[in-house]
Amino acid sequence: MAQMTYAEAIRDGMRVEMKRDPNVYIYGEDVGIFGGCFGVTAGLYQEFGPERVIDTPISETAIVGSAVGAAAAGLRPIAEVMFVDFMGVCMDELLNQAAKMRYMFGGKARLPMVVRTPCGAGMSAAAQHSQSLEAWFTHIPGLKVVMPGEPADAKGLMIAAIRDDNPVIYIEHKQLLNMAGEVPEGEYVVPLGKADIKREGSDVTIVAWSWMLQKALAAAEELAKEGISAEVLDPRTLVPLDKEAILKSVGKTGRLVIVHEAVRTSGFGGEIAAIVAEEGFDLLDAPIKRVTAPDTPIPFSPVLENAYLPSEEKIIKAVKELF
Amino acid sequence: MAQMTYAEAIRDGMRVEMKRDPNVYIYGEDVGIFGGCFGVTAGLYQEFGPERVIDTPISETAIVGSAVGAAAAGLRPIAEVMFVDFMGVCMDELLNQAAKMRYMFGGKARLPMVVRTPCGAGMSAAAQHSQSLEAWFTHIPGLKVVMPGEPADAKGLMIAAIRDDNPVIYIEHKQLLNMAGEVPEGEYVVPLGKADIKREGSDVTIVAWSWMLQKALAAAEELAKEGISAEVLDPRTLVPLDKEAILKSVGKTGRLVIVHEAVRTSGFGGEIAAIVAEEGFDLLDAPIKRVTAPDTPIPFSPVLENAYLPSEEKIIKAVKELF
Amino acid sequence: MELTKEKLLDMYKTMVRIRTFEMKAAELFAAGKLPGFVHLYAGEEAVATGVCANLTDKDYITSTHRGHGHLIAKGGKIDLMMAELFGRTTGYCKGKGGSMHIADVDLGILGANGIVGAGQPIATGAGFACKYKKTNNVAVCFFGDGASNRGTFHESLNMASIWKLPVIFVAENNMYGISNYQKNHMNVTDIADRAAAYGIPGVTVDGNDVIAVYEAAAEAVARARKGDGPSLIECKTWRHRGHFEGDPQVYKKPEEQEAWLKKDPIPRLEAKLIELKYASQADLDAIKADVQAEVEAAVRFAESSPLPNPDDVFTDVYAD
Amino acid sequence: MELTKEKLLDMYKTMVRIRTFEMKAAELFAAGKLPGFVHLYAGEEAVATGVCANLTDKDYITSTHRGHGHLIAKGGKIDLMMAELFGRTTGYCKGKGGSMHIADVDLGILGANGIVGAGQPIATGAGFACKYKKTNNVAVCFFGDGASNRGTFHESLNMASIWKLPVIFVAENNMYGISNYQKNHMNVTDIADRAAAYGIPGVTVDGNDVIAVYEAAAEAVARARKGDGPSLIECKTWRHRGHFEGDPQVYKKPEEQEAWLKKDPIPRLEAKLIELKYASQADLDAIKADVQAEVEAAVRFAESSPLPNPDDVFTDVYAD
Ligand SMILES: Cc1ncc(C[n+]2csc(CCOP(=O)(O)OP(=O)(O)O)c2C)c(N)n1
Ligand SMILES: Cc1ncc(C[n+]2csc(CCOP(=O)(O)OP(=O)(O)O)c2C)c(N)n1
Ligand SMILES: [Mg+2]
Ligand SMILES: [Mg+2]
């Protein structure tokens, strides 16, 4: 085990696969010498050279669209979109090409491609550089959606994403990039579609992912002091979703709070709530709560951004309302 | 009252407003002489001339992006995107420009614009011409989302959408275009944000919109024969959502089935289920059911498309499972 | 590749195969036998044929909503195509795709496409793969005049040009995007002029002259294989039929239609073949009869193939 | 509009105002006083100034992530701008937008923009509105060399050209999109050459020569007001600072930076003003001192303004 940051863990996952498979390459805006807008690809240009770590023009449509073509022709691209906020620019390529090609062709195409992109608020980057748009991708059958909440998962899920023969949207959180943790060395794989109980508990289940996992864990710590035992479950991948793990946990606790940073309406929390309200209705002792951002764009001023973001306090409050 | 089809009702709504306000104009691909891919704008070019009914190049990004600029500069554009499936092409313009401009500018912009677009399957148009993507738009604070399920609403909501000072996504269903009904003449306005009980009932609430409203009504008719009294509620606009009307109906019936044509995962049904599981938990006597398309792209062959689509039978089956 | 007698007769047969397939599809559609949208390539056969005659099975193409011609020219099997139009399990896509999504990845055909302009970045990516793997193969991207106004065009040509990718962009200028006349949707006469914006060669050819198309493509393909990067070829042509079957074509001037029908690429090649003494009228008639039989057989194959099982909806979403 | 002494001195003051504002922002950012990203316009002042000197309050502009210069040149108030950078309620956007989203719709400023290339269709739409309403106004779209590769560029220039919209597209070619050097992201030397793809005029000017910029813009604006449609003006320039504050600029060659610093547009205009005897060094120093005081006052205004109330998050989402 090595001590690594989340950013280093992502990089290590890419490095392991690039060494193993010459068909894996990275491209995106400023991923080369510059090392990526958040430094995640730093050093890879030097290690793998300009043929495998490639700076693109500002052309997200062509970046993702050409990844589709390259994958269909046998490569395993890792495309970077600098902020998840820019995904609207290449949404057609994800929606109508990457996700559907295999199905439309009657199962006769394979599209092993990863689109890496950072999400999230907390740095006063305002409305166009702080969003959490994972729900959109989960609404597109044919894509897989990965959102690691800590360093080891970041690495293991990256390797799994690269090895997967389907288009995978890999969403990393800006606020987690510098978070350090123990990360297994070498070919460490975390399978897509397996949730992880990050903290065991018996009174309430908190489902949270990405940065919110950390907030949920902090809230659980506080709640423990007040005698409420919260189980914190990280789905880690939203598609495929480990529904059984969620239902099992709710079966144990009888209460469910879902936390996400995305705006409330039509966020992925709604999907989880709906699954449990249908398939786990009899397990529930209380209403299902969602702790989310409000239905507003993301404001710039730190005071406002702070008010906007789900927080430890808001999670604690929601949990307590169930007792 | 006049007898009109849904397509004629949409057109009549646009015509009424174009006569009233010279700043309202229509543009999109083949909306002029051709009358629109589904004939919805037929005759308007002849009536209002080439300056107000304008054929654009195949440039959805510029169509919606320029609608934003034109609206900010004082016009009231009605832009047409030929299929909702193409919205990925102009998603950034909706997500980051249209929806956020007012907020980002501290409330100092007004963007009165309508983006009209047809959705839905049922004509073997396959995976890229049959989708229902409304959930995406509902996940973007700043947009309003309108989905009429019958002719009179189609007209009244169109007039309301044009008069609204916010960007409105107006989604019309291809399978409803030829449906006829009574439609009030002149300036008939259906306010955005008000649900309508399309059929009263006491045993179960079925929430359905767009084409699925018609399927739900047919299912309710059948269910009545079997002694189950279903209330059918059409939210008509998903944003703003008339949450109170839904909770009130569930309060009466104690059971909820949500029907939508979009794929299940992260469809808007999840949002409604989550609201009720949180705010109406105590009203529920049974699990919340969703009847939706499965999580697959839309297949071409009629046999498959038929299996894919939610149907009267599937709704009836879901309702019965609650008793 | 030289244009031998054999090659030219081959190209003729391909063009006839496309035309025959398309007219059969029109007939079947009118008879209510084909579900969904059908966009026909009749009249534009020389473009796909002239270009694809320069390609091998290892080269890639991306096609459009008007894809039958590209598929046939690249070697696609018409029985599997026809079965797909009928929505049968034996079709190229097992009935899941239909006319707008037929593909044959083994033949390098990365699919017809229902999204105008979507093939442009896909072909760019396939060209990238050829260069990355140093295979010496190329990717050809077919698209219309209308598609030349999409952002994908710009981003793709720029990307292909800076990385010198082996991509040939073929603009099929049939003068209309649905009802929108070219002079109303762009302010240049020749789409080829747009190549200069990317520092790549751009040529305009008579798209109804299969030999002219072949030669322009030969040059562009050779250039691409040598590592000299992409080209843009504009082929001026005309669709004989409506945008889709059922289109009343109110927007087309009858005299224009008539003038273009006279420039039909097939009789034109026939005249040439006879002039070159590569074939007699009887030879050509024999080819037509052959092809007609092939197409009829394809229809029989399709019609006698099983429909999908409703449960097939759920398969083929993900690779495992 | 003639370039009178008064006008030229005005332009000088604008350029100094931009520079002073930007250097103050750099200082404040380094001191940890400004949250978020800050992209500075220092070095490129001649572009915004030369162009906007041709506009009235009724004309529109769209700006970019590097927007302060455009806003100031179009008449934006620096105290409201500074308060926005500080995230205060008195800021242009009440603290909701920040550096990347400052706007003043009343002055025709349709916003800085965090999405590269997004301003291109917005300006096209504003130009459309001017034409539709027959107001004789124009819309100017500022964007970078990097943004010239986005699909929005292509779609917007095409749309503006077919409809002869009064839009002036101003490419600010500072040779880099973040770390990506222009020759690596496009295969043409002059972005202006891309105008030919739309059948509109394209010119390249020295973007550090405010008079050259002014004259090119004057011609394009006159053309647009006359109803003759859009133009593309490329201004070659250089950003003195990193892409954003904090960028170590590993990708820039020091000698290139040094050479460009010598072409600083402000001393260049000063020399010209003195040569023309429009001003003495003392006059210029007085202007600088004036502006310095303005900027200091703006900082005081900002710093003494109230922070937003947390509940303000919920307002301004919809107009009622
Ligand atoms: C992105 C997108 N916009 C619009 C359409 C609808 N559409 C289908 S074909 C077509 C016209 C295409 O014109 P062109 O590129 O010239 O090809 P042609 O049909 O003439 O072969 C349009 C507008 C689409 N399928 N995709
Ligand atoms: C669609 C989109 N892609 C990428 C970015 C990230 N980004 C912000 S500024 C920038 C570089 C822009 O370069 P250029 O257009 O030359 O403008 P400059 O910064 O040089 O003024 C990039 C890539 C973005 N904001 N939007
Ligand atoms: Mg065409
Ligand atoms: Mg630049």
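The shown structure was predicted, so the numbers you read here are calculated from the model rather than taken from an experiment. Convention: sequence-line order gives letters A, B, ...; per-chain numbering from 1.
- A cation-pi contact, defined as under 6.0 Å to the ring centre and within 45° of the axis, is absent between A/K108 and C/Y92.
- Residue contact with chain A, scored on non-hydrogen atoms closer than 4.5 Å, involves the backbone and the side chain of C/V313 alike.
- The salt bridge (charged side-chain N to carboxylate O under 4.0 Å, His left out) analysis of residues 71-92 of chain A, with sequence neighbours excluded, yields the pairs A/R76-A/D165, A/E80-A/R116.
- Of all heavy-atom pairs spanning A/A62 and C/P121, the tightest one is CA-CB, 4.0 Å.
- We find the CD-OG distance between C/Q120 and A/S66 to be 12.5 Å, quoted to the nearest 0.5 Å.
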Anything under 3.5 Å between a donor and an acceptor, one on a side chain of residues 109-117 of chain C, the other on a protein residue two or more places apart or in another chain? List them.
from, atom 1, to, atom 2, distance (Å)
C/N113, OD1, A/Q97, NE2, 3.1
C/N113, OD1, B/Q128, NE2, 3.3
C/N113, OD1, C/I115, N, 3.2
C/N113, ND2, A/Q97, OE1, 2.8

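- A donor-acceptor distance shorter than 3.5 angstrom exists from the side chain of C/Y318 to the backbone of A/G142, with no hydrogens or angles considered.
- Residues of residues 28-41 of chain A never come within less than 4.5 angstrom of chain C, heavy atom to heavy atom.
- Within the 4.5 Å cutoff, the side chain of C/M159 has heavy atoms near those of the A/I63 side chain.
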>> Would C/F128 and A/Y25 count as a ring pair (Phe, Tyr, Trp, His ring centres under 6.0 Å) here? Give the steps.
In response: CA-CA 11 Å; C/F128 179 92; A/Y25 68 101; 4.8 Å; yes
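- The contact between A/P22 and chain C is made entirely by backbone atoms, counting heavy-atom distances below 4.5 Å.
- Only the side chain of A/I54 has a heavy atom closer than 4.5 Å to any heavy atom of chain C.
- Under a cutoff of 6.0 Å and an axis angle of 45°, C/K96 and A/F105 do not form a cation-pi pair.
- Heavy-atom minimum distance, A/A73 versus C/A129: CB-CB, 3.6 Å.
- The choice from C/A319, C/A126, C/G97 that makes the most heavy-atom pairs within less than 4.5 Å of chain A is C/A319.
- Using a 4.5 Å cut-off between heavy atoms, C/T89 makes no contact with chain A at all.
- The candidate with the highest count of non-hydrogen atom pairs below 4.5 Å against chain C, out of A/T56, A/V64, A/N166, A/N96, is A/N166.
- No other option in A/R52, A/E60, A/E93, A/R110 has as many heavy-atom pairs under 4.5 Å with chain C as A/R52.
- Near-neighbour residues of residues 60-68 of chain C relative to chain A, defined by a heavy atom under 4.5 Å from a heavy atom of that chain, comprise C/Y60.
- C/I162 is listed as a side-chain neighbour of A/P57, based on a closest heavy-atom distance under 4.5 Å.
- Of the two parts of C/K133, only the side chain, counted from C-beta on, holds a non-hydrogen atom closer than 4.5 Å to a non-hydrogen atom of chain A.
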